[in-house]
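Here's the structure we're looking at; comments come further down.
For ligands, and for the atoms within them, numbers begin at 1 and follow the listed sequence. What you see is a predicted model; the values in this text were computed from it and never measured. For this chain, numbers begin at 1 and follow the sequence in order.
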Amino acid sequence: MSKSRRLARIFSKDKKTLTLALDGYYFTNQTQGIDKTIAQMPELVENGLDAVLVTPGMAKKHAYAFADVGMLIRADMSSSLLDPSVPDTIYVASVEDALKLGADGVINMTFPGADNEASSHNIARELARDSETWNTVFMCETLPFGYPVTNEESNQAPYIAAGARVGTELGADIIKTRFSGKPEDSEIVESANAPVVALGGPKTENIIDYFAFVRHCMDVGASGVAVGRNIIQNPNPAAVVAALNQIIHHEATAEEANKVYNDYSS
Ligand SMILES: O=C(CO)COP(=O)(O)O
């Protein structure tokens, strides 16, 4: 299968993606709602979900749930439950493992600027190389200075942009990274010179604030979002997906999306 055919399973015809991140068990204890959300996959797909990020175990266990969406397998893990600021990842799934699970590609995290950046870059480079061999998709999640937003710089567009470019230079087909929420975020997309999807970010108190953040990301040139908690920890994941679908694929404003969300929930 060609790489472009696999990319077409991640991105809709408009080259945008609404991707659900279900890979939380690999690096955090913020995992409430993942199993409940997987049980609702048919409804999420019906409401515009394009793709999922999953662990190999989830892909193996839930073949039917993920049959109708693009699928990327998390190839690295760091289960530092008590100290998520230490991004010591290990390489746990190869491109061949992902192919055996029927995936379209793989994802890993790199930490440009962190003390141990070299090991994460090494994993990325190996995945990029194997993804060329097998025509599979490689999404590189570039997180300057580490997994959480630990300092002032880690959430500023120039650093995020520099990190995104590192992912492209390592051979990524898609970059997943933070957006700061400021207008200069357009630098991130420009610097990456590859499709950039915005990672979910902190769970917001009010869902409309999250919709406004996603609208911002799309306005500065993002190719979509890869979001976990703001979908899986919401009482109604399908309503969030329906609303995000309107922003990502139909140019809706945050207010219009919020109306879709409220109408769906009521
Ligand atoms: O990016 C993530 C997993 O890949 C985490 O998603 P959230 O930050 O949206 O929970």
Can you confirm, on distance only, whether ligand 1 has an N/O atom lying under 3.5 Å from any N/O atom belonging to D23? yes

Determine which pairs satisfy ring-ring contact (aromatic ring centres under 6.0 Å, His included) with at least one residue from residues 226-258, sequence neighbours left out, and list them in order. none

Quick one: which residue pairs count as a ring-ring contact (aromatic ring centres under 6.0 Å, His included) with a foot in residues 159-194, not counting sequence neighbours? F145-Y159

Step by step, would you call S131 with K3 a side-chain contact (heavy atoms from CB on, under 4.5 Å)? CA-CA 9 Å; S131 298; K3 188 183 286 250; 4.3 Å; yes

Between Y26 and D76, does any side-chain donor sit less than 3.5 Å from a side-chain acceptor? no

Could you tell me, atom by atom, which parts of ligand 1 come under 4.0 Å of a heavy atom of G228? 6 (O), 7 (P), 9 (O), 10 (O)

Atom indices of ligand 1 within 4.0 angstrom of R229 heavy atoms, with elements: 7 (P), 8 (O), 9 (O), 10 (O)

Nearest 0.5 Å, please: how far is CD in Q246 from CD in E256? 8.5 Å

Under a 4.0 Å threshold between the charged nitrogen and the carboxylate oxygen, would R215 count as salt-bridged to E255? no

Give the atom numbers and elements of ligand 1 that come within less than 4.0 Å of a heavy atom of G200. 9 (O)

Could you tell me, atom by atom, which parts of ligand 1 come under 4.0 Å of a heavy atom of R74? 4 (O)

If you measure from each non-hydrogen atom of Y210 to ligand 1, which part falls under 4.0 Å: side chain, backbone, both or neither? neither

Contact check: V227 vs ligand 1, nitrogen or oxygen atoms, below 3.5 angstrom: no

Note: Q30, heavy atoms under 4.0 Å from ligand 1, region reported as neither

Sub-4.0 Å atoms of ligand 1 with respect to non-hydrogen atoms of K176: 1 (O), 2 (C), 3 (C), 4 (O)

E96 bridged to K100 by N-O distance under 4.0 Å: no

